[in-house]
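Contents: one structure, followed by commentary.
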Amino acid sequence: MKFGVVVFPGSNCDKDAEYAVKLLGQSCEMLWHKEKDLKNVDCVIIPGGFSYGDYLRAGAIARFAPIMGKVVEFAQRGGLVMGICNGFQILTEVGLLPGVLIRNKNLRFICDIIPVKVENDMLPFTYNLKKGDILHLPIAHGEGNYYIDPKGLEELKDNGQIIFSYVDNPNGSVENIAGIVNKGGNVLGMMPHPERGVEMVLGSVDGEKILKSVITWWGDKNATK
Amino acid sequence: MLQNKTENYKLAGLTEEEYKKILEDLGREPNPLELSMYGVLWSEHCSYKHTKKLLKYFPTEGERVVQGPGENAGVLDGGEGLGIVFKIESHNHPSAVEPYQGAATGVGGIVRDIFSMGARPVALLNSLRFGPLDKQRNRYLMTGVVKGIGDYGNCLGIPDVGGEVYFHPCYNENPLVNAMCLGLVQIDKIKKGVAQGVGNVVMLVGATTGRDGIKGASFASANLEEDNEDKRPSVQVGDPFMEKLLLEACMELVDNPYVVGVQDLGAAGLTSSACEMAARGGSGLELDLDKVHVREKDMSAMEIMLSESQERMLYVVEPQGVEEVKKVFRKWDLEAREIGKVTDSGKIEIYYQGKLEGSIPTKSIVDGVPLRNPLREKPKYIEEKGKETPKDLELNYNEVLRKLISDENICSRKWVYSCYDYMVGNNTVLRPGDTVGAVRIQGTTKAIGLTVDCNPLYPYLEPYHGGKMVVLESYRNLVAAGFQPLGITNCLNYPNPEEPENYYVLEQSIKGIAEACRELNTPVTGGNVSLYNQGVDTKIYPTPVIGMVGLIEDYNKCVTTSFKGEGEVIYLVGE
Amino acid sequence: MKYNVEVIVSYKKGVLDPQSAAISGAISSLGYQNIENLTISKKFNFQISGREKKEVEEQVESLCRKLLANPVIENYQYIIGEEK
Amino acid sequence: MKYNVEVIVSYKKGVLDPQSAAISGAISSLGYQNIENLTISKKFNFQISGREKKEVEEQVESLCRKLLANPVIENYQYIIGEEK
Ligand SMILES: Nc1ncnc2c1ncn2[C@@H]1O[C@H](COP(=O)(O)OP(=O)(O)O)[C@@H](O)[C@H]1O
């Protein structure tokens with residue numbers, strides 16, 4: 001399977017995502033923000049970091065990058081898109097995901113490894129997982145406090161769009177939301193960093209389970225074709 | 001003008017002796033621009049006039065030393081062509097005035113030192129000292145400093161893998177903020193801060209040059225545009241996003257064969273980087289300030305030369321490489337301007353608006369400062385404190401334990417390091433909370449262990465032995481975690497060296513550090529000196545912060561601090 | 001023609017702004033018990049050139065919607081004045 | 001008596017404002033070439049109660065200096081109006 005990692009000025013988890021994907025034996029293309037070519041990848045990762053310095057609002061400026069037009073088209077055609085941390089923020093700003101991420105409730109940046117619960121196991125991103133599974137995942141963000149109005153929240157719940165939730169809410173997110181998907185289930189936004197949880201020596205291996213889910217799902221889907 | 005001369009050199013921070021030396025070196029009177037350039041380069045901060053002789057005590061050679069003191073950072077040989085680049089630097093004074101920006105720009109500065117060597121920064125550490133937290137101002141300082149360090153390093157994506165925080169009333173007026181950075185480079189690709197090759201092009205890259213950071217002490221600042229409401233801030237504002245772009249662009253140029261030298265612009269801005277690069281190359285420079293991309297209109301030559309605007313680098317490039325270099329910076333949306341060329345005049349010649357505004361012999365301004373030899377006197381308190389006996393110990397162990405673990409100097413530091421992204425990069429194998437921090441070297445089984453440490457009580461009570469003990473502590477930390485210690489960098493934070501007692505302590509503790517380094521075979525590859533950390537009511541304890549690096553061949557064998565399971569036996573080792 | 005533009009972007013009512021909340025807390029812990037209803041907004045000032053006000057207005061409107069404010073949580077308002 | 005207070009905090013002249021610089025860059029890459037001199041400030045609004053305006057003014061002044069603005073790099077100005 002071929003992954004693509006978008007590189008914005010200020011991205012800083014782009015190489016980590018590439019590392020994780022390759023560690024799992026998959027190929028990876030880096031997608032420069034000024035370009036308009038997704039290089040035929042099967043899954044786009046929008047990595048963490050501080051695109052454009054996160055000035056104004058996290059993700060507010062990145063959404064206008066030329067590559068994003070292609071990402072939106074790709075997503076609308078059903079392509080797999082994973083926005084991690086800053087990538088989640090960008091996906092909400094560009095409108096692929098509902099809601100918005102605001103400053104952590106205590107206004108502090110938080111770096112830690114924390115338990116996250118799987119809420120929906122019917123998605124490509126949780127293909128190998130079970131609802132209720134607890135994953136220990138790294139987080140590192142200052143603006144991860146997910147907000148959506150009550151009506152939007154109802155919709156998220158009704159459609160099963162909440163995919164991950166925090167066991168102990170670190171940032172004030174509504175409904176302890178740690179990750180959501182779009183209605184189609186092909187676009188994921190999550191604050192925790194699965195690409196950092198790929199080796200025990202780094203403190204966690206649970207991130208691998210999410211990436212492997214995507215890979216297995218992809219393999220199965222193409223096998224049945 | 002003439003009768004103002006004394007005042008002028010004093011305003012520039014120079015002594016009469018120094019001024020006479022300048023007259024001698026120049027063979028004439030310096031003009032205001034030249035005088036203020038001398039003023040900043042001959043300041044303690046840039047010239048080490050009080051400590052140059054003392055730093056000679058340090059062992060700086062060893063089989064692993066690739067680059068000792070004198071460059072932007074030191075380099076050790078990590079085996080198989082791997083260069084371990086590291087340095088520590090203080091940003092004490094700016095952080096006392098503006099904790100957030102002061103600490104942030106401190107991180108920015110040390111990171112630029114590392115990547116100017118061609119190394120990719122892979123880890124940060126920091127060593128912090130404040131007055132006790134029952135004082136509101138100390139809480140304010142600490143909150144700002146921690147946030148400043150976090151925001152800057154997090155944005156750059158460099159994991160912060162360790163550090164220390166210590167509280168004592170002696171830091172009430174002078175908090176200490178020392179930042180250390182580690183980078184990795186292929187030894188044959190190391191870049192140096194050198195300007196060489198007549199006709200080679202000097203390029204200023206990165207952020208615009210503004211009026212920030214122009215030293216209030218500089219005598220010329222009185223002539224700055226009068227505008228009372230907006231007093232010129234002497235504090236710079238950092239832009240980590242700009243630095244991240246600069247970092248990535250510089251990394252792309254590591255393999256470029258046309259790049260002759262690189263240096264970052266730190267204290268004293270263009271003045272120090274241009275002069276130092278020329279001095280290392282034994283050359284001269286011709287600078288055309290009209291080419292500098294400035295942030296504000298109508299800046300004077302002096303303002304451009306002294307500006308401490310952050311996120312800027314100076315490149316020396318062979319003419320045929322200039323377009324390529326520009327192309328890389330353009331890719332990262334950065335400005336790169338040709339602002340001058342290398343000459344064989346042995347002088348720094350500054351042109352502005354078609355006129356020669358200054359001409360200074362390189363050797364004079366960089367190495368010409370008369371060194372000081374202050375008086376030493378053993379402080380009386382040392383004898384007195386030596387005679388004190390411990391007070392009666394409290395015997396209620398539960399109570400003692402509770403007091404200990406709730407002490408602000410002992411309790412968990414998680415509230416500090418959880419503000420730092422310590423995992424970015426996928427290399428952090430020992431995280432904050434362990435004895436030392438460690439990052440692995442991707443593609444190998446090796447990891448580098450890092451620690452910054454200083455218990456200031458040791459050098460305060462026993463300057464010489466205390467100096468040794470500070471090094472030993474770092475050494476023990478690394479060994480305990482399974483690392484072979486390789487070398488150190490240090491940040492000497494001390495009070496006013498012109499007081500004999502202070503100078504005695506400074507000299508003795510340096511001798512102690514040197515002795516320990518020699519015995520342990522951990523040479524000193526660089527460091528930083530911060531003197532005059534003294535206020536109206538307090539002066540800091542001698543605080544020589546040691547940053548030590550070590551190597552482990554297999555990172556799976558790192559030893560973490562925690563107890564691993566029930567029933568395990570606990571040993572106390574040592575005498 | 002040049003116009004001076006001022007844009008104010010503030011949180012919608014009902015959206016909790018953690019920063020305002022924190023500053024309100026800090027104010028009362030500094031001992032000011034008589035301060036209430038604190039809100040923080042962003043104020044942008046810039047100059048825009050265009051042939052006529054209507055055209056400029058459209059541009060400012062779209063800039064607010066696209067970039068300066070996030071309509072999910074923020075409101076915006078602007079004033080366009082001719083440059084003197 | 002209750003007063004409505006508006007405080008504007010902005011960077012001093014000559015201080016680098018990376019945020020404004022980044023947003024200006026974004027604006028021009030969005031195709032608006034006719035916008036210049038963008039600056040961003042913070043606007044605080046709150047209500048304060050006090051017996052007389054002078055007393056309130058002193059409090060607002062000290063609040064600005066201590067909390068809302070960083071006098072090393074920022075300027076502030078405020079307007080105090082009586083509540084209607
Ligand atoms: N300013 C800081 N930045 C990052 N990590 C820190 C900082 N201060 C302390 N730490 C980390 O917290 C842990 C405990 O610190 P400390 O109590 O000083 O340890 P030690 O007893 O080993 O000297 C260490 O892992 C250290 O690296």
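By convention in this document, chain letters (A, B, ...) are assigned in the order of the sequence lines, proteins followed by strands, and residues within each chain are numbered from 1. Computed from a predicted model, the values in this text were never measured in an experiment. No hydrogens, no waters, no symmetry mates; every other heavy atom, side chains included, goes into these values.
Of all residues in residues 237-249 of chain B, those placing a non-hydrogen atom less than 4.5 angstrom from a non-hydrogen atom of chain D are B:Val237, B:Gly238, B:Asp239.
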| query | Checking salt bridge (charged side-chain N to carboxylate O under 4.0 Å, His left out) for the pair D:Arg65/D:Glu61: CA distance, chi angles, key distance, verdict? | reply | CA-CA 6 Å; D:Arg65 232 172 323 117; D:Glu61 174 72 31; 3.7 Å; yes
*asked:* Working note: B:Asn92 + B:Ser530, criterion side chain to side chain donor-acceptor pair (under 3.5 Å); need CA distance, chi angles, decisive distance, verdict.
replied: CA-CA 8 Å; B:Asn92 303 337; B:Ser530 168; 2.9 Å; yes
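A heavy-atom distance below 4.5 Å is found between the side chains of D:Gln33 and D:Ser28. In this structure, the side chains of D:Ile48 and D:Gln59 come closer than 4.5 Å at one or more pairs of heavy atoms.
Across B:Arg295, B:Arg312, B:Arg337, a single residue satisfies side chain to side chain donor-acceptor pair (under 3.5 Å) together with B:Thr209, and that is B:Arg312.
In this structure, no portion of B:Gln310 lies under 4.5 Å from any heavy atom of chain D.
B:Glu296 and D:Lys13 are not joined by a salt bridge, as no carboxylate oxygen comes within less than 4.0 angstrom of a charged side-chain nitrogen.
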